[in-house]
Amino acid sequence: MCVQYQVLLNELGLDESFITPLREKYLHPLASILYPDWGGGCLDSHKAFVVQYSVDKDLDLSSHYDNSEVTLNVSLGKEFTDGNLYFSDMREVPSGERRYAEVEHTIGHGILHRGQQVHGALPVTSGERWNLIIWMRASSIRNKQCPMCNKVPQLVETMGEGDGFTMTKKEDRGETVDVCTLI
Ligand SMILES: O=C(O)CCC(=O)C(=O)O
Ligand SMILES: [Fe+2]
């Protein structure tokens, strides 16, 4: 899975003023109720970005799961045809046994889902489709098991934002990332 056309909101200075308060005040309480078994009650960081699709850029996004415990996906517009989202089972279900459901995403609406639920976006056939994606992370969950490789994470310091893992207090040296995302 690779989204080529994306803008990270923290690079635009929008994390502290917009995404962090949105997560803490609104998304965390909702996720605590909806997804208590998937880290929804202990979300403590995020990666937020805007993705863009059009016929001359990326058309679609193949089936994948996110590097998140809970994801918010908001349709920002602009005007486009097709490009529906689809959702399937959790990633543990073997690919041959998965069932898929298509969801038409109304502009201005947000869809909250578990990061480990398999999903993707179908091709747009005209116009431009822009979405705000917030991958929310729970360090207490991912510190025990990496959501991308299922292993106990091997943490290394990183430049800029990490991937929502935390080191123990003694070793706390800043943002960290699991080596599995680097290879
Ligand atoms: O294009 C979309 O609406 C889905 C994007 C997505 O699933 C992701 O970036 O993880
Ligand atoms: Fe995704």
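As the structure lists them, so they are numbered: ligands from 1, and atoms in each ligand from 1. One-based numbering along the sequence shown. Just the heavy atoms: all of them, side chains too, but no hydrogens, waters or symmetry mates, feed the values below.
Against a heavy-atom cut-off of under 4.0 Å, Asp66 is close to the following atoms of ligand 1: 10 (O). Atoms of ligand 1 found under 4.0 Å from any heavy atom of Trp135, numbered from 1 in the order shown, are 10 (O). Taking every non-hydrogen atom of Leu85 and a distance limit under 4.0 Å, the qualifying atoms of ligand 1 come out as 2 (C), 3 (O), 4 (C). Interface atoms of ligand 1 facing His119, defined by a heavy-atom separation under 4.0 Å, are 7 (O). Close approach of ligand 1 to Asn73 is summarised as follows: ligand atoms under 4.0 Å from at least one heavy atom of the residue are 2 (C), 3 (O), 4 (C). Under a 4.0 Å criterion applied to the non-hydrogen atoms of Asn131, ligand 1 contributes the atoms 3 (O). Annotation for ligand 1: atoms under 4.0 Å from non-hydrogen atoms of Phe49 are 9 (O). Listed by number with element, the atoms of ligand 1 under 4.0 Å from a non-hydrogen atom of Ala121 are 1 (O).
At the Fe ion (ligand 2), the angle from NE2 in His119 to NE2 in His64 is 90° when rounded to 10°.
Just one residue in the list His105, Glu102, Glu104 forms a side chain to side chain donor-acceptor pair (under 3.5 Å) with Asn84, and that residue is Glu102.
Hydrophobic clustering (ILVMFWY, side-chain heavy atoms < 4.5 Å, transitive): Leu112 and Ile134 are in one cluster.
Neither the backbone nor the side chain of His105 has any atom closer than 4.0 Å to an atom of ligand 1 (non-hydrogen atoms only). In Thr71, neither the side chain nor the backbone holds a heavy atom less than 4.0 Å from any atom of ligand 1.
When all heavy atoms of Val118 and Ser63 are compared, the closest pair comes out as CG1-OG, 3.1 Å. Here the closest non-hydrogen pair linking Cys146 and Pro153 is N-CD, 4.0 Å. Closest of all the heavy-atom pairs between Pro21 and Glu16 is CD-O, 3.2 Å.
Ion pairing between a basic and an acidic side chain is recognised when a charged N comes within 4.0 Å of a carboxylate O; Arg114 and Glu69 show no such pairing. Note on Asp163 versus Lys47: no salt bridge recorded, every NZ/NE/NH1/NH2 to OD/OE distance being 4.0 Å or above.
Atom CG in Asn131 sits 10.0 Å away from atom CG in Leu61 (nearest 0.5 Å). Interatomic distance, His119 NE2 to Ser62 OG, rounded to the nearest 0.5 Å: 10.0 Å.
Remark: distances from the non-hydrogen atoms of His64 to ligand 1 include one below 4.0 Å.
Per residue Asp66, closest N, O or S atom to the Fe ion (ligand 2): atom name OD1.
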